Amino acid sequence: DRIANSQASRRGTGHVVESIPVALRIASLIETSTFEQLLQEAIEGGGDTDTIASIVGQIAGARIGIDGIPSRTFHNKSVISAIESFAAAL
């Protein structure tokens, strides 16, 4: 068991590799879904949900911009200012 567990830990679980196609499929729905709907789909789909939602959020955010992300999704309003400052510097 110890050897099998050691080998498995070196190979990884494959979650990230499996997550990318799922995230891309969900993100491709950006034209017909809201930002929140995309994240909900990413979370409810199961699997490595935090990775999938992160990828989906990044792709969708880049596509729709900060104005397309509902302000209620930001728990810390200072995050909006930080994002705007960072984006302006690009």
Side-chain angles (χ1 to χ4, degrees):
D1 263 351
R2 198 175 98 218
I3 294 171
N5 288 337
S6 175
Q7 289 172 338
S9 68
R10 280 183 280 171
R11 283 193 311 267
T13 62
H15 288 296
V16 173
V17 173
E18 296 165 358
S19 299
I20 293 171
V22 173
L24 292 175
R25 183 195 60 78
I26 295 169
S28 73
L29 303 173
I30 188 66
E31 301 302 327
T32 58
S33 303
T34 67
F35 184 80
E36 291 170 317
Q37 288 171 329
L38 294 172
L39 291 183
Q40 185 174 354
E41 175 76 21
I43 294 166
E44 290 178 353
D48 191 8
T49 58
D50 58 327
T51 300
I52 295 168
S54 175
I55 296 168
V56 169
Q58 291 173 60
I59 294 170
R63 172 71 175 95
I64 63 176
I66 198 162
D67 291 334
I69 302 172
S71 62
R72 68 182 170 275
T73 62
F74 296 102
H75 297 280
N76 182 345
K77 301 299 181 189
S78 66
V79 170
I80 295 172
S81 296
I83 291 171
E84 289 172 338
S85 295
F86 180 74
L90 292 177

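Note that the structure is predicted; figures quoted are calculated from it, not measured.
- Applying the salt bridge (charged side-chain N to carboxylate O under 4.0 Å, His left out) test to Glu36 and every residue at least two apart in sequence or in another chain returns Arg72.
- Here the CD1 atom belonging to Ile55 is positioned 9.5 Å from the CG atom belonging to Asp50, to the nearest 0.5 angstrom.
- Note on residues 81-90: no pairs pass side-chain hydrogen bond (donor to acceptor under 3.5 Å, both in side chains), not counting sequence neighbours.
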Check step by step if side chain to side chain contact (heavy atoms under 4.5 Å, CB included) holds for Asp48 and Val22.
CA-CA 10 Å; Asp48 191 8; Val22 173; over 6 Å; no

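- Taken together through direct or relayed side-chain contacts under 4.5 Å among Ile, Leu, Val, Met, Phe, Trp and Tyr, Ile20 and Ile43 form parts of separate hydrophobic clusters.
- Here Ala42 pairs with Ile26, Ile52, Ala53, Val56 under the side-chain contact (heavy atoms from CB on, under 4.5 Å) rule; sequence neighbours left out.
- A salt bridge (charged side-chain N to carboxylate O under 4.0 Å, His left out) check over residues 55-70, counting only residues at least two apart or in different chains, returns the pairs Glu31-Arg63.
- Judged by distance alone, the side chain of Glu41 and the main-chain N or O of Gln37 form no donor-acceptor pair under 3.5 Å.
- Counting all heavy atoms, side chain and backbone alike, Pro70 lies closest to Gly68 at CD-O, 3.6 Å.
- Shown here for Phe35 and Gly57, the closest heavy-atom pair between the two residues is CE1-O, 3.7 Å.
- When atom types are taken as modelled, the side chain of Ser54 and the backbone of Thr51 share no donor-acceptor pair closer than 3.5 angstrom.
- Leu90 forms part of a hydrophobic cluster together with Phe86, judged by ILVMFWY side-chain heavy-atom separations under 4.5 Å.
- With sequence neighbours excluded, no residue forms a side chain to side chain donor-acceptor pair (under 3.5 Å) with Ser33.
- Considering CG of Leu38 and OG1 of Thr32, their distance stands at 8.0 Å, rounded to 0.5 Å.
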